[in-house]
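Quick note: numbers below take in every heavy atom, side chains included, and nothing from hydrogens, waters or symmetry partners. Throughout, protein chains are lettered first and strands after them, A, B, ... in sequence-line order, and every chain is numbered starting at 1. Remember, predicted model here, so these are calculated numbers, not experimental data.
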There are 2 protein chains.
Amino acid sequence: MAALQKSIDKRNALIEATIELVNNDGFHATPMSKIAKMANVSPATIYLYFDNKQDLVNKTYIEVKSRYTAYAFETYRETMSVEEGFEVIWKRIADFKLKEVADAMFLAQCDNTPMIDEPSRREGIKHLQPLLDLWARGKAEGIIKPISDYLLYAYSINPLSFLMLVENRGAIKIGPQELEEAFQAAWSSIKINR
Amino acid sequence: MAALQKSIDKRNALIEATIELVNNDGFHATPMSKIAKMANVSPATIYLYFDNKQDLVNKTYIEVKSRYTAYAFETYRETMSVEEGFEVIWKRIADFKLKEVADAMFLAQCDNTPMIDEPSRREGIKHLQPLLDLWARGKAEGIIKPISDYLLYAYSINPLSFLMLVENRGAIKIGPQELEEAFQAAWSSIKINR
DNA sequence: TAAAAAAGAATGAACGTTCATTTTTAATAT
DNA sequence: ATATTAAAAATGAACGTTCATTCTTTTTTA
């Protein structure tokens, strides 16, 4: 089987090199030759694993998005209460952005530039479904505000991105206390106050 | 005086073309020749107004950032109460992002990519000073939570960016009601609850 | 009429991708 | 076990294109 013989290590090395170089220089300022060099591979070899540069960055995006959501939902169980579920997911997302800085930066760049094509973008969105389901449950139970998922996301999840951005630029340090405060702010902005 | 003879119209046309093309294709995928064509100018003429491509995009960034903050603080007066001042600024920022979509998109891209060099980035940050001063006053008066400006920004201003992003992608429609709700959420996440 | 501004064509470097060739792999025959 | 071999994988060099920038000439300005 042709595809299976190709080394998964090389593919991974190419993906990791893409993340690092695109984070530093941006998509179009990163030549294929540089990606190849960092992955210890010939430029031509890239084309055995990916159709072209666009395909490489699309597939890198999907891969990183998958890691992100796998991490986010790892400890979440559908049997949890809405509040507990949200706390677990929120804190896992925060952890991911603190620990997997390169991945988080890469996703932020992808989400704010025309770097990724539309089909891959849509593919990436699907991965958040468990959170949307949780919110639907929360609305049904009268625990979560009856507003669009986009608003819920804007209030509770998106602020995390900005926090990590400024942390990574060395502007602030986010410890357990700041994280807990941020979580409380997130939760109280989407829950119904009794 | 050399510089003064050059047409300010041409400079403006170049800036506007840069915004539009970078929004559509990204910085590195936008050739100088295309910018020149859209501005009805020869490629060589760009170099009478800007040192090089990087300088063009840096100056475009500073210009757009200035417009943004000028708009944000237009109706704000230091004599206003903290709450009123915040409401005025917050709603002006929201207006700007709703009405000046191209400018807002451009800033978002600049802030999430390595497109702009560090000096220009720092220059751009300075423009937000009036908001930071307002928050300092609010903290002194015991009205605003005694947390870092970055946290305040993350909770109250940043969610707007995400809202506008999804609005611009056609996912939601933000009317006066959604805006008022979003403002209330922003304000209550940074004010001290008595 | 001379200096500034603008233009279009030219230049050289860098890039994504492909091509021709070599190296590696793994199945088969000895 | 070892040798054979054909296909797959990998390579470095080369190709054609595109781009930022500069050069030379023309046009505009005061």
Side-chain angles (χ1 to χ4, degrees), chain A residues 1-61 106 109-110 113-117 120, chain B residues 1-61 106 109-110 113-117 120:
Chain A
M1 302 288 92
L4 291 184
Q5 286 188 310
K6 287 187 247 172
S7 148
I8 192 72
D9 292 345
K10 285 211 172 89
R11 204 193 114 106
N12 287 342
L14 285 167
I15 299 256
E16 296 311 309
T18 301
I19 295 168
E20 177 164 346
L21 291 171
V22 168
N23 275 347
N24 282 332
D25 305 331
F27 172 51
H28 287 288
T30 300
M32 295 294 263
S33 57
K34 213 169 165 186
I35 296 174
K37 192 163 289 173
M38 177 166 281
N40 285 312
V41 136
S42 159
T45 302
I46 302 182
Y47 294 85
L48 299 175
Y49 293 85
F50 303 96
D51 296 341
N52 49 46
K53 195 183 180 185
Q54 185 63 53
D55 183 52
L56 166 60
V57 78
N58 284 341
K59 295 209 164 115
T60 302
Y61 174 70
F106 184 79
Q109 192 167 166
C110 289
T113 67
M115 185 173 128
I116 300 297
D117 63 20
S120 303
Chain B
M1 303 296 92
L4 290 183
Q5 288 188 309
K6 285 186 248 170
S7 150
I8 191 72
D9 292 345
K10 286 213 171 84
R11 204 192 114 104
N12 286 343
L14 285 167
I15 298 256
E16 296 312 309
T18 301
I19 295 167
E20 176 163 346
L21 290 171
V22 168
N23 274 347
N24 282 331
D25 304 331
F27 172 50
H28 287 288
T30 300
M32 295 294 262
S33 57
K34 212 168 166 187
I35 297 173
K37 193 164 288 174
M38 178 168 278
N40 284 313
V41 136
S42 159
T45 301
I46 301 182
Y47 293 85
L48 299 174
Y49 293 86
F50 304 95
D51 296 341
N52 48 47
K53 196 184 179 185
Q54 185 63 53
D55 183 53
L56 166 61
V57 78
N58 283 341
K59 294 205 164 120
T60 303
Y61 173 70
F106 184 78
Q109 192 167 169
C110 289
T113 67
M115 184 173 130
I116 300 297
D117 62 21
S120 303

Listed by chain and number, what are the side chain to side chain contact (heavy atoms under 4.5 Å, CB included) partners of A:Ala29, not counting sequence neighbours? A:Asp25, B:His28
Find out whether A:Gln109 and A:Phe27 are in side-chain contact, i.e. whether some heavy atom of one side chain is under 4.5 Å from a heavy atom of the other. no
State, to 0.1 Å, how close A:Ile116 and A:Gln54 come at their nearest heavy-atom pair, and which atoms those are. CA-NE2, 4.1 Å
Round to the nearest Å and state the distance from B:Phe50 atom CZ to D:dT22 atom P. 16 Å
Between C:dT17 atom C1' and A:Asp55 atom CG, what is the distance in whole Å? 14 Å
Close side-chain approach of B:Thr45 and B:Tyr49, heavy atoms under 4.5 Å: yes
Both distances under 3.5 Å, Watson-Crick or G-U wobble: on that basis, could you give the dot-bracket string for DNA chain C, with [ ] for crossing pairs and | for other-strand partners? ||||||||||||||||||||||||||||||
Are OP1 or OP2 of C:dA6 and a side-chain N or O of B:Lys10 less than 4.0 angstrom apart? yes
Choosing from C:dA6, D:dT21, D:dA10, which nucleotide comes nearest the side chain of A:Tyr49? D:dA10
B:Gln54 CD to D:dT21 C1', straight-line distance once rounded to whole Å: 15 Å
Could you tell me which residues satisfy side chain to side chain contact (heavy atoms under 4.5 Å, CB included) with B:Ala13, sequence neighbours excluded, listed by chain and number? B:Ala39
Just jot down the salt bridge (charged side-chain N to carboxylate O under 4.0 Å, His left out) partners of B:Asp55, sequence neighbours excluded, or say none. B:Lys59
Heavy-atom contacts under 4.0 Å between residues 23-44 of chain A and DNA chain C, which residues? A:Thr30, A:Pro31, A:Met32, A:Ala44
Of the nucleotides C:dT17, D:dT21, C:dA5, which has the atom closest to the A:Tyr47 side chain? C:dT17
In this structure, how many angstroms lie between the C1' atom of C:dG16 and the CG atom of A:Asp51, rounded? 14 Å
Value in whole Å for how far the C1' atom of D:dA10 lies from CG of A:Asp9: 15 Å
Run through B:Ile15, B:Val22, B:Thr18 and flag the one making a side-chain contact (heavy atoms from CB on, under 4.5 Å) with B:Ile35. B:Thr18
Using whole Å, report how far CG of A:Leu14 lies from P of D:dA9. 15 Å
Heavy-atom distance under 4.5 Å between the side chains of B:Met32 and B:Tyr47, does that happen here? yes
Test of understanding: with side-chain hydrogen bond (donor to acceptor under 3.5 Å, both in side chains), list the residues that count as partners of B:Glu16, not counting sequence neighbours. B:Arg67
Provide, to the nearest angstrom, the distance between the CG atom belonging to B:Leu48 and the P atom belonging to D:dT21. 14 Å
When the distance from CD1 of B:Ile46 to P of D:dT22 is rounded to whole Å, what number comes out? 13 Å
